[in-house]
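Below, read A as the first sequence line, B as the second, and so on, with proteins coming before strands; counting in each chain starts at 1. Both backbone and side-chain heavy atoms feed into the values below; hydrogens, waters and symmetry mates do not. These numbers come from a predicted model, not from an experiment.
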Protein chains: 2
Amino acid sequence: MTSTVSTAGTAGPAGTAGPAGATSSKSEQAYAAVKASILSGEYSPGYRLVLAKIAEELGFSVVPVREAIRRLEAENLVVFERNVGATVAGIDPTEYLYTMQTLGIVEGAATALSAPLISAADIARARAVNELMRECLANFDPVRFTSLNRDFHSVLFEHCPNPHILDLVHRGWNRLQALRSSTFSYVPGRARQSVEEHESLLRLLEAGAPADDVERAARAHRAATLDAYLAHRAPSP
Amino acid sequence: MTSTVSTAGTAGPAGTAGPAGATSSKSEQAYAAVKASILSGEYSPGYRLVLAKIAEELGFSVVPVREAIRRLEAENLVVFERNVGATVAGIDPTEYLYTMQTLGIVEGAATALSAPLISAADIARARAVNELMRECLANFDPVRFTSLNRDFHSVLFEHCPNPHILDLVHRGWNRLQALRSSTFSYVPGRARQSVEEHESLLRLLEAGAPADDVERAARAHRAATLDAYLAHRAPSP
DNA sequence: GAGTATGAAATCGTATACGATACAAAACTG
DNA sequence: CAGTTTTGTATCGTATACGATTTCATACTC
């Protein structure tokens with residue numbers, strides 16, 4: 001591998017095209033950079049993404065940056081307005097509802113499809129994460145709690161054999177992460193209940209429950225979070 | 001009326017869809033034009049999309065065309081290869097499986113969410129379409145059958161109040177349409193069975209069945225099509 | 001003659017340039 | 001002084017240009 005290309009090598013060009021090996025294009029890099037900034041929170045919701053500015057920061061021209069941003073738009077991480085500009089997708093209760101509902105559906109399916117492929121080691125791993133979440137409850141650490149929450153669920157759906165579904169799940173999680181929905185949807189009593197539901201889910205998986213049951217449970221888990229948020233916020237018109 | 005294209009499915013950026021006649025940007029136009037060509041079958045799977053050529057045809061420069069194509073790539077309607085070019089997404093049994101499975105999930109959910117909003121008139125409309133499909137069976141008209149099939153299901157999920165889910169459903173259908181999966185998945189006995197399942201679905205809706213039942217039925221309907229295809233093709237390794 | 005270097009053509013990726021649009025502030029008018 | 005017009009600036013949208021990469025055909029070596 002290390003051997004540089006140099007002259008045409010006899011080495012079979014067969015399918016190398018290593019996804020990682022090939023230096024990524026600038027639009028790829030820009031995409032990765034901006035996405036990372038959004039997910040990390042450096043660019044918070046509402047942040048104005050000025051093409052020229054980002055291009056300058058990265059040392060690229062605006063063209064690849066524009067492409068990157070439109071790609072992020074397709075993932076609903078930024079909002080683009082014609083002749084005005086792009087901003088990091090912001091919080092909106094309705095959108096939150098849509099996103100949570102959609103994620104509940106695709107994540108439920110992904111988890112159900114993963115279920116038969118989850119090993120005892122996976123479950124142990126997830127349980128360990130869940131215990132750390134329990135600690136966060138005591139320490140009042142919602143940021144870490146949210147991060148661990150994603151880790152927990154990742155273990156449950158990561159074996160999903162259908163990449164399309166998996167992609168949708170990741171998009172949903174990314175969107176929530178970009179919205180920084182942690183502080184937003186961190187309803188007092190809910191977090192504790194969530195941890196308990198996680199444990200139930202794990203027991204269901206350990207018992208080799210039918211896919212249908214797993215799906216229902218996973219979906220209900222998310223619906224409960226959504227409902228808690230809605231109830232928490234409903235009183236005020 | 002002939003056009004089944006349904007402009008939905010990933011509407012313009014920022015959900016504009018501005019009917020106010022705001023002239024769309026060239027990249028919008030290019031997007032719409034190329035998308036239409038793919039869905040209509042003018043550009044079949046495997047067709048090579050050369051930027052300069054399309055740009056010339058439309059009278060634009062390559063930049064907006066490139067943007068349009070990358071957007072279509074995000075919808076899985078075209079495949080882009082670095083430094084090589086774009087081609088219309090082709091048929092691949094595995095991809096077909098992934099797509100059908102995913103569509104089954106999101107369409108099932110969309111239909112279930114629509115159910116309470118479907119009127120008697122909607123059902124009558126759907127039933128009329130289904131009768132036309134029955135005629136196609138006699139006339140051996142798989143192309144029209146497939147087109148009507150989309151119309152039928154559109155009636156059932158179009159009231160879905162969650163636009164994210166609706167968008168995913170449209171994407172799935174578009175992808176199948178681009179793949180021209182009709183000829184591909186038109187398994188002899190299956191079409192007739194499909195029409196009967198449609199009738200069952202309508203009766204379920206008329207009876208005001210619980211959302212869960214509707215969802216299960218809609219999903220099973222699609223799974224049955226997929227299974228028929230798999231069984232039809234399975235014998236040969 | 002099989003397989004490998006070499007070169008030319010096609011196409012993409014990105015930079016730069018400029019016109020178009022939108023928003024805001026200043027100037028004007030009654 | 002309120003409302004309207006004008007002007008200015010920031011930013012986007014698209015065209016054009018050129019270097020980079022791939023691909024294919026050709027010539028070459030053993």
Roughly, in whole Å, what's the span from [atom1] in [X] to [atom2] in [N]?
X      : N       : atom1 : atom2 : answer
E81(B) : dT22(D) : CD    : P     : 10 Å
E67(B) : dC12(C) : CD    : C1'   : 16 Å
E56(B) : dT16(D) : CD    : C1'   : 15 Å
L51(A) : dG13(D) : CG    : C1'   : 10 Å
I69(A) : dG13(D) : CD1   : P     : 10 Å
I54(B) : dA10(C) : CD1   : C1'   : 15 Å
R82(B) : dT21(D) : CZ    : P     : 8 Å
Q29(A) : dG13(C) : CD    : C1'   : 12 Å

Which residue in the set E75(B), E42(B), E73(B) passes salt bridge (charged side-chain N to carboxylate O under 4.0 Å, His left out) when paired with K35(B)?
E75(B)
Measuring from the side chain of [X] (C-beta onward, heavy atoms only), which nucleotide among [options] has the closest atom?
X      : options                   : answer
R66(B) : dT16(D), dC12(C), dT16(C) : dC12(C)
R48(A) : dT11(D), dT16(D), dA15(C) : dT11(D)
S27(B) : dT14(C), dC12(C), dT14(D) : dT14(D)
S25(B) : dC12(C), dT16(D), dG13(D) : dG13(D)
V50(A) : dT14(D), dT14(C), dT11(D) : dT11(D)
F60(B) : dA15(D), dT23(D), dA15(C) : dA15(D)
N83(B) : dA22(C), dT14(C), dT21(D) : dT21(D)

Looking only at the side chains, is there a donor atom on one of T146(A) and N149(A) sitting less than 3.5 Å from an acceptor on the other?
no
For DNA chain C, whose closest nucleotide is more 5', that of V63(A) or that of V84(A)?
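The residue closer to the strand's 5' end, by nearest nucleotide, is V63(A).
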Y229(A) and Y96(A) aromatic ring geometry - parallel, tilted or perpendicular at 30°/60° bounds
perpendicular
In residues 54-62 of chain B, what donor-acceptor pairs under 3.5 Å come from side-chain atoms, sequence neighbours left out?
{"from": "S61(B)", "atom 1": "OG", "to": "V63(B)", "atom 2": "N", "distance (Å)": "3.3"}

Under 4.0 Å from OP1 or OP2 of dT11(D): is there any side-chain N or O of K53(A) that close?
no
Within 45° of the axis and under 6.0 Å from the centre of the six-membered ring of F80(B), does NZ or CZ of R70(B) qualify?
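Relative to the ring axis of F80(B), which defines the angle, R70(B) lies inside both limits.
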